[in-house]
Amino acid sequence: MKLNKGVIYILLGASFFGFTPIFAKLGFSFGYSLGQINIVQMVISFFLLWSLTLIKRASFKGLNKKNIVQIMITGCLIGLTSIFYYGSMEYLPASLAIILMFQFVWIGIILEWIFSKIKPAPITILSIILILIGVFFASNFVNGDIGGLPYKGLIFGILSAFTYAGFIFCSGKVAVNVDPWTRSSLMVTGSTILVFIVFMHDIPTVLPLESDLLSIAVGVSLFGAVLPPLFFAAGAPLVSGGVANILTSIELPIAILSASLILSEVVTPLQWVGIAIILVAIACNELGTKLVQRIKEYP
């Protein structure tokens, strides 16, 4: 029963995160800038997370000046991810921006190899190759559609993958013994400060706060910064790490399906094949690595 609950919680958390592109795209369609969307999103996320942290009476045990700074710097990476991810959507279809951001999977493996000296297993290298093949099809490169797209959007999309991979890598190393709610609140504090610095010139344009901008920012905050962590925190302890990683990959088809249905973006059958290959590659890496380990344990 516990496993079923954990699976449901993680699937819900990943699914919620898959809806964030809709709000970002709507914001751009209403004429709001990248800075305005990010500023209001971070302010709302800041107040929501700190309110929940204080209501839950989360522990501040284990905090010191050094790791507070480290946690906030780690939070800056998720702030950069938000900037690059939404920036990519400003120029590209949401479905392509999502596929580019999802390259964090293999980039994270490379980061582990470089900084933690954890050499990828053959099954992991195979997964990386499969992901790159999947991207080739999912990006619609075969039909030549990607050639005319703005390079700025493509660069932003790849940068969002690097910063997100960096966030995941650092969040698994920095102050891991500190209460998750306290860590999340400090991270969003770092993100908020970064966004305020980067978009300083946009701060005056946010006020007076329009209802459309507020609605969009609330949507992005809830589906991107509040609900997913809540469900991940509830579900992650009930399943293994490998299963959790596989389950979170549902974000990719959910995000692209929502972009297709709600934003009316065209996703070709060949692109769905590419998306399926990416998902298979993620599952192959997680399940294959464990299978190899079990074979070694029981010769």
(request) Tell me, with the steps shown, if Val43 and Phe46 meet side chain to side chain contact (heavy atoms under 4.5 Å, CB included). (result) CA-CA 5 Å; Val43 169; Phe46 175 88; 5.6 Å; no
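- Both Ile114 and Phe162 belong to a common hydrophobic cluster when Ile, Leu, Val, Met, Phe, Trp and Tyr are linked at side-chain heavy-atom distances under 4.5 angstrom.
- Once rounded to the nearest 0.5 Å, the distance linking CZ of Phe199 with OG of Ser33 reads 7.5 Å.
- Here the CZ atom belonging to Phe84 is positioned 4.5 Å from the CG atom belonging to Leu159, to the nearest 0.5 angstrom.
- Between Leu186 and Val178 there is no side-chain heavy-atom pair separated by less than 4.5 Å.
- Nearest heavy atoms, Ser88 versus Ala97: OG-CB, 3.4 Å.
- Taking all atoms of both residues into account, the shortest heavy-atom contact from Ser127 to Ala281 is OG-O, 3.2 Å.
- Residues Leu100 and Leu92 have side chains in contact (heavy-atom distance under 4.5 Å, counting atoms from C-beta outward).
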(request) Carefully, step by step, assess Val218 and Ser215 under the rule side chain to side chain contact (heavy atoms under 4.5 Å, CB included). (result) CA-CA 5 Å; Val218 167; Ser215 300; 5.8 Å; no
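- Rounded to the nearest 0.5 Å, atoms OG (Ser51) and NZ (Lys56) are 13.5 Å apart.
- Annotation: side chain of Asn64 is in contact with side chain of Asn67 (closest heavy-atom distance under 4.5 Å).
- When hydrophobic clusters are built by joining Ile, Leu, Val, Met, Phe, Trp and Tyr residues whose side-chain heavy atoms come closer than 4.5 Å, directly or via intermediates, Ile158 is grouped together with Ile155.
- Side-chain contact between Ile131 and Gln103: present, with at least one pair of heavy atoms (C-beta onward) separated by less than 4.5 Å.
- Considering only heavy atoms from C-beta on, Phe19 stays 4.5 Å or farther from Leu222 through its side chain.
- In this structure, the side chains of Ile98 and Tyr85 come closer than 4.5 Å at one or more pairs of heavy atoms.
- Residue Phe47 places its CZ atom among 12 or fewer non-hydrogen atoms of other residues, nucleotides or ligands, all under 6.0 Å distant.
- Asn177 CG to Arg183 CZ: the interatomic distance, rounded to the nearest 0.5 Å, is 9.0 Å.
- Between Ala58 and Thr182, the shortest heavy-atom contact is CB-OG1, 3.7 Å.
- Between Ala217 and Val40, the shortest heavy-atom distance links the atoms CB-CG1, 3.1 Å.
- Using a distance-only test at 3.5 Å, with no hydrogens or angles considered, a donor-acceptor pair links the side chain of Gln271 to the main chain of Thr268.
- Heavy-atom minimum distance, Cys76 versus Leu194: O-CD2, 3.2 Å.
- Distance alone, capped at 3.5 Å, is enough to place a donor-acceptor pair between the Ser221 side chain and the Gln41 backbone.
- Under the 3.5 Å distance criterion, with hydrogens and angles disregarded, a donor-acceptor pair is assigned to the side chains of Thr53 and Ser185.
- A continuous path of ILVMFWY side-chain contacts below 4.5 Å connects Leu26 to Ile262, so both sit in one hydrophobic cluster.
- Between Ser95 and Glu265, the side chains place a donor N or O and an acceptor N or O closer than 3.5 Å (distance only, hydrogens not considered).
- Residues Val195 and Ile73 do not share a hydrophobic cluster, clusters being chains of Ile/Leu/Val/Met/Phe/Trp/Tyr side chains in contact below 4.5 Å.
- Counting only heavy atoms from C-beta outward, the side chains of Phe196 and Ile193 never approach each other to under 4.5 Å.
- Taking 4.5 Å as the limit, some side-chain heavy atom of Leu48 sits within range of a side-chain heavy atom of Ile44.
- The only member of Asn38, Thr163, Thr20 that meets side chain to side chain donor-acceptor pair (under 3.5 Å) when paired with Ser82 is Asn38.
- A tilted orientation is assigned to the rings of Phe156 and Tyr91, their planes being inclined by 30° to 60°.
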(request) Begin from the C-alpha positions of Ile71 and Thr74 and carry the test side chain to side chain contact (heavy atoms under 4.5 Å, CB included) through to its verdict. (result) CA-CA 5 Å; Ile71 294 169; Thr74 301; 5.6 Å; no
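- Side chains of Trp50 and Thr189: a donor-acceptor N/O pair is present below 3.5 angstrom, by distance only.
- Residue Ile278 holds its CD1 atom at 6.0 Å from CD1 of Ile99, rounded to the nearest 0.5 Å.
- Aromatic ring orientation, Phe115 versus Phe169: tilted (interplanar angle from 30° to 60°).
- Among Ile37, Thr192, Val220, the one residue that satisfies the side-chain contact (heavy atoms from CB on, under 4.5 Å) test with Met42 is Thr192.
- Contact between Ala165 and Gly108 at its shortest, heavy atoms only, is CB-N, 3.8 Å.
- Proximity of the aromatic rings of Phe104 and Phe102 is defined here by a centroid distance below 6.0 angstrom, and this criterion is met.
- With hydrogens and angles disregarded, no donor-acceptor distance shorter than 3.5 Å links the side chain of Lys25 to the backbone of Leu263.
- Phe167 is connected to Trp113 through a chain of hydrophobic side-chain contacts under 4.5 Å among Ile, Leu, Val, Met, Phe, Trp and Tyr, so both are in one cluster.
- Atoms OH and CD, from Tyr32 and Glu210 in turn, are 3.5 Å apart once rounded to the nearest 0.5 Å.
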(message) As a quick check of understanding, evaluate side chain to side chain contact (heavy atoms under 4.5 Å, CB included) for Ile254 and Leu257, giving each step before the final call.
(response) CA-CA 5 Å; Ile254 289 289; Leu257 189 62; 5.5 Å; no
